[in-house]
Amino acid sequence: MSVRDRDGGRRLQRLARDNRPLHFGTNFKMHQTPEETARFLAELAPRVDRVPDRVRLFVIPPFTSLPAAIAAREHSGLTSRVWIGAQNVHWATEGAYTGEISVRMLTSIGVDFVLLGHAERRGHFGETDQALAKKVPAALDAGLRVLLCVGETAEEKAFGVGPETVIRQLKIALHAVTTDALPRLLVGYEPVWSIGAGGTPARPEDVMETVVPLRRALGEQFGEAGGSVPILYGGSVAPENCGDFVTLEEIDGLFVGRAAWQVEGFERVLEAARAARGEASGYRD
Ligand code: PGA
């Protein structure tokens with residue numbers, strides 16, 4: 001019997017009770033020119049028409065594609081339906097930080113969302129928890145929505161410190177965040193070992209083992225308001241496995257990489273996730 005079957009009742013009860021919205025989006029990483037990004041959004045538009053408003057969608061292209069993404073979003077009538085996110089932001093308002101982008105630079109072109117703490121930034125570019133402790137409040141205070149990613153490495157998991165690793169990341173990054181900013185915060189749980197072509201998709205029990213303590217940590221810091229922060233799962237999400245994640249208690253959506261870089265793939269994973277939630281909870285997002 002799968003974990004999904006075993007405690008599905010308990011998980012789905014919460015889903016049905018709260019009727020929580022599904023969050024769904026993709027990070028293009030270092031892929032897609034401005035033209036390709038604009039085409040993606042234009043092709044996405046008619047498909048979004050078939051998706052109810054309560055499903056929150058987002059697309060995170062590279063910096064150079066942001067203006068094209070914003071223009072294409074407006075042109076395709078998607079402005080209220082799709083958040084456009086940047087993949088990083090600096091904490092300072094301005095200054096001698098060659099190669100960096102400020103919050104004001106993002107908001108001035110209409111960006112409404114930013115991804116922070118992705119495993120590739122932490123792993124390849126030395127992004128620290130301390131830097132995130134400055135970036136997350138700077139972005140939230142400026143009115144941006146923030147998707148903060150946390151996740152343990154394979155080694156941390158092997159040593160049995162996955163949950164404490166992600167809680168440490170969460171607590172440091174959110175240290176200066178106040179409750180009034182919480183409606184703009186989302187947390188992405190992405191085990192580092194599950195990300196990318198060489199990754200292994202997590203099992204539902206791996207996800208539960210970490211997101212239950214993560215949710216508890218949000219509650220300890222923010223009280224009841226911590227219960228409404230959406231927690232998304234990411235890492236090798238595909239049409240075949242997305243149902244295992246979106247029906248888990250505490251999982252409010254999916255953060256998808258390569259399976260959603262083409263519009264057809266984006267739609268396939270989204271539809272499979274919506275169908276799985278519908279089957280599990282008796283309503284369809
Ligand atoms: P993936 O990427 O779906 O290609 O594993 C996930 C991510 O990096 O967010």
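Just follow the structure's listing: the first ligand is 1, and inside any ligand the first atom is 1. Throughout, residue positions are numbered sequentially from 1 according to the sequence presented.
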Query raised in the report: Is the closest N or O pair between Gly196 and ligand 1 shorter than 3.5 Å?
Result: yes
Requested in this report: Tell me, please: is Ser236 in heavy-atom contact with ligand 1, that is, under 4.0 Å?
Outcome: yes
Report task. Please check if any side-chain donor atom of Trp193 sits under 3.5 Å from a side-chain acceptor atom of Glu152, or the reverse. Result -> yes
Query raised in the report: Heavy atom of Gly234 under 4.0 Å from ligand 1?
Result: no
Report summary line: Restricting to heavy atoms, the pick from Gly257, Gly25, Gly151 nearest atom 3 (O) of ligand 1 would be Gly257
Requested in this report: Run the salt-bridge test on Arg39 and Glu36 with the 4.0 Å N-O cut-off and return the result as yes or no.
Outcome: no
**Report entry** Nearest non-hydrogen protein atom, atom 4 (O) of ligand 1
**Finding:** Arg258 NH1, 2.6 Å
Query raised in the report: Does the distance from a Lys or Arg side-chain N to an Asp or Glu carboxylate O, for Arg215 and Glu250, drop under 4.0 Å?
Result: yes
Query raised in the report: Once the angle between the rings of Phe24 and Phe266 is folded into 0 to 90°, is it parallel (under 30°), tilted (30 to 60°) or perpendicular (over 60°)?
Result: perpendicular
Query raised in the report: Quick one: nearest non-hydrogen protein atom to atom 7 (C) of ligand 1, plus distance?
Result: Glu190 OE2, 3.3 Å
**Report entry** Ion pair check, Glu267 and Arg50, cut-off under 4.0 Å
**Finding:** yes
Query raised in the report: Within a strict 4.5 Å, meaning less than it, do heavy atoms of the Val150 and Glu190 side chains meet?
Result: no
**Report entry** Asn27 heavy atom under 4.0 Å from ligand 1
**Finding:** no
Query raised in the report: Got a salt bridge between Asp112 and Arg145, using NZ or NE/NH1/NH2 to carboxylate O under 4.0 Å?
Result: no
Report summary line: ligand 1 atoms nearer than 4.0 angstrom to some heavy atom of Phe255 are 9 (O)
Report task. Report the nearest protein non-hydrogen atom to atom 2 (O) of ligand 1: residue, atom name, distance rounded to 0.1 Å. Result -> Lys29 NZ, 3.3 Å
